[in-house]
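Residue numbers begin at 1 in each chain, while the letters A, B, ... track the order of the sequences.
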Amino acid sequence: MRYSEMFLPTMKETPSDAEIASHQLMLRAGMIRKLAGGIYSYLPLGYRVIRKVENIVREEMNRAGAQEVFMPAVQPAELWMESGRWAMYGKELLRVKDRHNRDYCIGPTHEEVITALVRDEIQTYRQLPRNLYQIQTKFRDEIRPRFGTMRSREFGMKDAYSFDATEQGAEESYRKMFDAYNRIFLRCGLHFRPVEADSGNIGGSFSHEFMVTADSGEDAIVHCASCSYAANLEKAEYPRPEEGKETDAPLLTLEKVHTPDVRTIEEVCAFLDVLPGDVVKTMIFMSDEKPVAVLVRGDEEINEIKLKNYLACDSLELAMDETILKVTGSPRGFAGPTGIKCRIIADYSLIGMKNFVVGANQEDHHIKNCNNERDFKISEYADLKIVREGDICPRCKGGIKIARGIEVGHVFKLGVKYSKAMNATFLDSDGKEKHMIMGCYGIGIGRTVAACIEQSHDGDGIVWPIPIAPFHVIITPVNVNDEKILKFAEDLYRSLLEAGVEVLLDDRDERAGVKFKDADLIGIPLRVTIGPKGLAEGVVEIKFRGSGKIERIPVEKVSVFIEEIIAEA
RNA sequence: CGGGGCGUAGCGCAGCUUGGUAGCGCGCCUGCUUUGGGAGCAGGAUGUCGGGUGUUCAAAUCACCCCGCCCCGACCA
């Protein structure tokens, strides 16, 4: 490609509405332009990178035995009513009507369509397993799109769906996708880590998120410094502490104290001169319309996902003020476990606590020196807290660390959730009709590209890894008005093209500085600089974008030198 | 949806407090010079000041309404 002919509008200045590096650089490097909130066009340079990633994904999916299909973006509401998600999905589902006033949605995902397709065509276990995937545009009407293509409303996604006859088969399908994802992100040159994710009511560890580690990531990754344990924050476990480690401190006398207008943990600590670790927080939740009191040590927070899974309920939310009044007998801010009229669940953090402070279930009062067994009774302990840096690893008792990450992929075992709702069955070898066991596997293509830039850029611009770089090489003749220079550049260009190297020839009549800046900005891995001094000595310079290293190569060896580097990568 | 901020030329911004000719830098066009890290000089083009309504002799500027965008919280690839 000739730069002079390419639609590649780079920007010297950073657009003010772009916050993170990848968004700024994608705009500046002429990869994307915004059409509306969370909706972007890819320009030639950006789309080349998208296609590179797509092709890596495609190759690895095919290698893993999945087959490519292409499903509609517009989907009839009936399908979504069958699965129950027309009502459940909420405002993120973009709903439209056609001229006959029939309801449709723009697909945010394709479980419904694929399940409908497969149930009509697969009748017997002999046709299983099957894994079908597509690379397609999705639309999710995000509450708050942000960070360019990192979280857009319209985005390209690879979504795969597996169908199996047996549990073992489903686990095998899952493992194949898990392995394929590792290969894909490795090939994209990313530093990433698969982490255990919450799998809702499916259970087990059959959900992993692939996280690219980056400080700008929106997700917290919990991982162990000593072993390979890694999970996202919602899923991260805290091990049950060993019992019998209580101090011998005597139980002190229960004491009710007047604490006017003291509600939060901070206020309680300041007022009573105690530490958050000496206080027990009592939170009232509504679990499927029933109140539950949840206790946690004052310096910890409740993980609502873990609580919801523990309660195995459909809905969970913090109780309204009127419910709190009914259950505790006092307004918000003074709840405690003593004499409360509902189920009580305690986080493991309460194990071993003595003489702690709790709400008195009476307005403007707290209780000091409260103790389990003596003053109230905890019947259930569970792992309910949000894991923090420095906590104990649930696998090896090592130290927990927390890092930031960008979720670029997700593998999930669905079980029979959709096959049951939509009646996707097959006839098994025992002559019985059974539901297919499904899995779904997604990769955000645009997000993967953005994540790569987050991870690989410097003050001058993007630094592409060779496998997804829009071009391998940029040839920079420092002066196109010098015939010798231009001729050499043109010859090298043709020779590299013939060798199958993806090369951009910067044939613009610009000053060298401008060309260097643009080459750095768009991040091409190798730059060949052709200048008068070098040519006179019979050499050209090759600059490596990543390391900044410069090599002087004799003119007759340049083409081969480059071809070898590209072939290695 | 709640809280905060912004909207003036393609991009980055000033002007608004205190109403009166719409400006600066970059980019763009023409010419000459220049040519190894975003050149210099000279000339030039470009705006329904986000939209509407109101106040006023007069509105980018004041008031009200609407729209869009960005940031912080609940969702997700």
Side-chain angles (χ1 to χ4, degrees), chain A residues 9-20 23-24 27-28 30 33-39 53 57 88-93 108-110 135-160 181 184-185 197-198 207-212 217-219 232 234 304-305 317-318 405-412 440-451 459-461 476-482 485 506 508-521 527 529-535 540-541 543 548 550:
Chain A
T10 57
M11 288 188 260
K12 202 189 276 189
E13 283 169 294
T14 303
S16 59
D17 56 0
E19 188 80 358
I20 60 170
H23 188 194
Q24 293 173 349
L27 288 166
R28 287 190 55 209
R33 286 293 182 265
K34 182 166 71 181
L35 181 64
I39 301 179
V53 173
V57 168
M88 293 297 291
Y89 213 97
K91 289 188 175 167
E92 220 171 276
L93 186 66
T109 175
H110 279 66
I135 297 172
Q136 198 237 18
T137 300
K138 306 283 189 247
F139 194 94
R140 295 182 188 173
D141 203 354
E142 289 277 349
I143 298 164
R144 187 152 86 82
R146 59 185 128 171
F147 302 150
T149 63
M150 189 78 87
R151 176 188 296 278
S152 49
R153 294 194 293 171
E154 184 173 305
F155 61 99
M157 175 173 161
K158 185 283 301 178
D159 46 326
Y181 274 39
I184 287 166
F185 296 122
D198 175 54
S207 175
H208 286 86
E209 291 170 347
F210 284 77
M211 298 290 221
V212 168
E218 295 185 78
D219 299 291
N232 72 15
E234 287 91 55
E304 290 193 32
I305 306 277
E317 52 195 12
L318 274 168
I406 301 162
E407 183 189 352
V408 290
H410 195 170
V411 292
F412 198 99
C440 67
Y441 317 93
I443 291 178
I445 304 290
R447 185 180 284 185
T448 300
V449 171
D460 292 320
T476 308
V478 296
N479 184 352
V480 292
N481 298 314
D482 180 322
I485 291 175
D506 195 348
R508 294 176 299 168
D509 185 7
E510 287 286 356
R511 297 168 65 84
V514 173
K515 296 186 180 191
F516 293 154
K517 289 287 184 190
D518 275 333
D520 288 344
L521 177 61
R527 187 184 85 204
T529 312
I530 302 163
K533 284 169 257 169
L535 268 198
V540 297
E541 281 169 19
K543 181 164 185 179
I550 295 173

What is the base-pairing partner of [N], counting Watson-Crick and G-U wobble geometry with both distances under 3.5 Å?
N	result
B/C6	B/G68
B/A39	B/U33
B/G73	B/C1
B/U17	none
B/G25	B/C11
B/C62	B/G54

Could you list the residues that satisfy side-chain hydrogen bond (donor to acceptor under 3.5 Å, both in side chains) with [X], not counting sequence neighbours?
X	result
A/K515	none
A/K138	A/H110, A/Q136, A/D159
A/E142	A/R151
A/T529	A/R527

Given the [atom1] atoms of [N] and [M], what is the spacing between them in whole Å?
N	M	atom1	value
B/U53	B/U17	P	22 Å
B/G15	B/C62	C1'	16 Å
B/U61	B/U8	P	14 Å
B/A59	B/U48	C1'	15 Å
B/C26	B/A42	P	12 Å
B/G4	B/U21	P	34 Å
B/G50	B/C13	P	15 Å
B/U46	B/A22	P	14 Å

What residues, two or more places apart in sequence or in another chain, satisfy side-chain contact (heavy atoms from CB on, under 4.5 Å) together with A/A450?
-> A/S22, A/M26, A/T149, A/M150
Sequence-distant partners of A/R144, side-chain contact (heavy atoms from CB on, under 4.5 Å), two or more places apart = A/R146
Let me have the donor-acceptor pairs involving side chains of residues 10-20 of chain A, under 3.5 Å, with sequence neighbours excluded, atom names and distances please.
residue	atom	partner	partner atom	Å
A/T10	OG1	A/D518	OD1	2.9

What does [X] touch in the nucleic acid at a heavy-atom separation under 4.0 angstrom: a base, only the sugar-phosphate, or nothing?
X	result
A/R527	base
A/K543	base
A/P532	base
A/T448	nothing
A/D482	nothing

Among all residues two or more places apart in sequence or in another chain, which pass the ring-ring contact (aromatic ring centres under 6.0 Å, His included) test with A/F155?
-> none
Polar-atom pairs under 3.5 Å, protein N or O versus N or O of nucleotides 45-49 of chain B: list them with distances, or write none.
none

Result for 5'-nearest mapping on RNA chain B, choosing between A/V514 and A/P15, is A/P15
I want to check something: taking the side chain as every heavy atom from C-beta on, are [X] and [Y] in contact at a cut-off of under 4.5 Å?
X	Y	answer
A/I406	A/R447	yes
A/Y441	A/F412	no
A/I443	A/F210	no

Across all chains, not counting sequence neighbours, the salt bridge (charged side-chain N to carboxylate O under 4.0 Å, His left out) partners of A/D219 are none
Atom-pair distance ([atom1] on [X]; [atom2] on [N]), nearest Å:
X	N	atom1	atom2	value
A/F516	B/A39	CZ	C1'	14 Å
A/D506	B/G38	CG	C1'	13 Å
A/R28	B/G10	CZ	C1'	16 Å

Nearest-0.5 Å distance, OG1 of residue A/T109 to OH of residue A/Y89 = 6.0 Å
In 5'-to-3' order, the base (B), backbone-only (S) or no-contact (-) status of each nucleotide in nucleotides 24-35 of chain B, using a 4.0 angstrom heavy-atom cut-off, is -BSS------BB
Per-nucleotide protein contact string for nucleotides 69-77 of chain B (B base, S sugar-phosphate only, - none; heavy atom under 4.0 Å) | SSSBBBBBB
